[in-house]
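Worth saying up front: this structure is predicted, and the values here are computed from it rather than measured. Letters go in sequence order (proteins before strands), and every chain restarts at 1.
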Amino acid sequence: MIKKQSIGMGFKNVTLNKILCIFILQAAAILFLFGWVFLKRSNDLIYIDNISLYKSFKLTGELEAKSQSIFSQRAHILDSLETNLETLIGQIKDNGNNELVSKNYENAKEELLLTRGRFNDDNAAIVQKFEDEIWTQLNQYVKDFGDEEKLDIIFGVAGKGNIMYAKEGIDRTEEVINYVNRRYQGFNK
Amino acid sequence: MSTRILIIIFIIFSFVSCSPKVLDAPDYVKWVKENKAKISATKTIDDFVFSVEYQPTEFLVLSQMPNASEETFNKEVKEMNGLLYFVFKVGLKSGVESPIKFGVTSSNEYQERITYFSFNVQKELKLMINSVTYNCVLHHFERTYDMVPYVTCMLGFEKPENYSQVLLQDDIQFIYNDKVWGLGTVKLLIKKNSINRIPILNIPSYASEN
């Protein structure tokens with residue numbers, strides 16, 4: 001009788017242990033899945049500061065230097081034309097009603113106005129062209145970053161003021177800046 | 001003792017595996033053709049795919065004159081050895097049409113692009129090695145009349161002094177300042193290790209001089 005009871009108790013213990021093990025394993029699996037899904041979800045959405053990205057992109061610096069060089073040369077040309085115009089104004093004051101001087105003055109004034117207008121339009125076109133070139137490359141590299149990191153969305157915000165709150169780790173601006181600059185230089189990652 | 005032997009074997013193996021192989025001409029040409037991806041760089045920007053492939057001088061000469069005598073071969077290599085050669089290709093991601101036609105709105109614009117690639121693109125191409133810029137001094141645009149969906153240019157650049165394919169210390173950065181498709185400056189990088197591992201051609205008198 002006692003033997004049967006102890007066998008029965010032993011059997012119950014083994015069964016209880018088994019059930020306990022299964023329960024613990026299931027709980028662990030559920031916790032793991034929950035944690036994995038939660039962590040995965042929170043890493044699929046990131047944001048980057050577009051202004052910092054644009055300013056820190058190496059191509060931006062190169063094109064800015066190029067455009068400054070062009071604008072500077074044009075500023076010199078305009079300075080020369082203005083200096084010439086001022087000289088002619090002085091001549092008009094000294095020579096009274098000299099027709100030739102007046103005509104030269106009118107021509108010089110027209111040339112200055114036309115050149116200034118042309119340079120202004122062209123400078124604006126250059127700025128726009130360079131911006132387009134920069135964003136074409138930036139968009140490609142940011143897209144590649146998203147593909148490699150298997151992200152769902154990359155939000156581009158214009159300055160950090162747009163984000164009221166973000167969990168740590170969601171702002172990956174610095175990481176993306178390093179990535180786009182390496183890609184621009186020709187490195188694969 | 002056995003650990004020491006293993007370490008010695010490992011060091012010898014590493015040294016041997018890192019050194020470039022020495023190959024006869026047919027094997028050499030086959031190696032370069034089969035390993036094009038290793039000595040080239042590719043980049044996709046927007047709708048365009050850019051690629052640049054390094055061309056060893058010996059490979060170029062053998063490709064053009066596969067049955068040349070040793071003397072002729074050596075003479076040609078010596079003549080061509082003053083430059084670094086590359087094949088530069090631009091294609092579309094779609095692969096449907098030639099990029100020269102892409103976005104073109106008139107036949108004049110198309111012709112301007114042909115003229116640009118035939119005569120004017122050279123000054124927009126540079127190499128940068130160890131922060132020194134080298135100009136493109138030789139340029140040949142392969143005119144295919146849009147039969148193939150890419151643009152190909154054969155290029156020759158100034159060569160750095162004391163340049164050695166086997167002992168190259170710096171990556172080669174290829175720079176193209178795009179003036180046609182609004183993409184800006186496109187940079188591609190060929191890693192120095194890829195160039196270092198190009199086999200040495202086994203031509204007795206040539207090998208002894210180099």
>> Counting neighbours of NZ on A:K103 that are heavy atoms of other residues, nucleotides or ligands and sit closer than 6.0 Å, is the number greater than 12?
In response: no
>> Within the supplied structure, the quantity of interest is the number of heavy atoms (other residues, nucleotides, ligands) at a distance under 6.0 Å from B:K38 NZ; does it exceed 12?
In response: no
> Quick check: does any side chain N or O of B:Q173 sit under 3.5 Å from a backbone N or O of A:Q185, one acting as donor and the other as acceptor?
Replying inline: yes
> With only heavy atoms counted, which part of B:D47 is less than 4.5 Å from chain A, the side chain, the backbone, both or neither?
Replying inline: neither
>> So, taking the atom named CG in A:N188 and the one named CG in B:L188, what distance separates them when rounded to the nearest 0.5 Å?
In response: 9.5 Å
> Of all heavy-atom pairs between B:K191 and A:F187, which one has the smallest distance, and what is that distance?
Replying inline: NZ-CE2, 3.6 Å
> Under the 3.5 angstrom rule, does the side chain of A:Q137 hit a backbone N or O of B:T185 as a donor-acceptor pair?
Replying inline: yes
> Are A:E62 and B:N177 close enough, and set up right, to give a side chain to side chain contact (heavy atoms under 4.5 Å, CB included), and what steps lead you there?
Replying inline: CA-CA 11 Å; A:E62 289 172 14; B:N177 288 313; over 6 Å; no
>> Could you check whether atom NZ of B:K93 has more than 12 heavy atoms from other residues, nucleotides or ligands sitting under 6.0 Å from it?
In response: yes
> How many angstroms lie between atom OH of A:Y184 and atom CD1 of B:I45, to the nearest 0.5 angstrom?
Replying inline: 9.0 Å
> Can you say whether A:Y141 sits under 4.5 Å from chain B via the side chain, the backbone, both, or neither, judging by heavy atoms?
Replying inline: side chain
>> Need one label for A:Q140: side chain, backbone, both or neither, based on atoms under 4.5 Å from any heavy atom in chain B.
In response: side chain
> Which bit of A:K58 is near chain B, if near means a heavy-atom gap under 4.5 Å: side chain, backbone, both or neither?
Replying inline: neither
> If every non-hydrogen atom of B:K43 is compared with every non-hydrogen atom of A:R183, which pair is closest and at what distance?
Replying inline: NZ-O, 2.7 Å
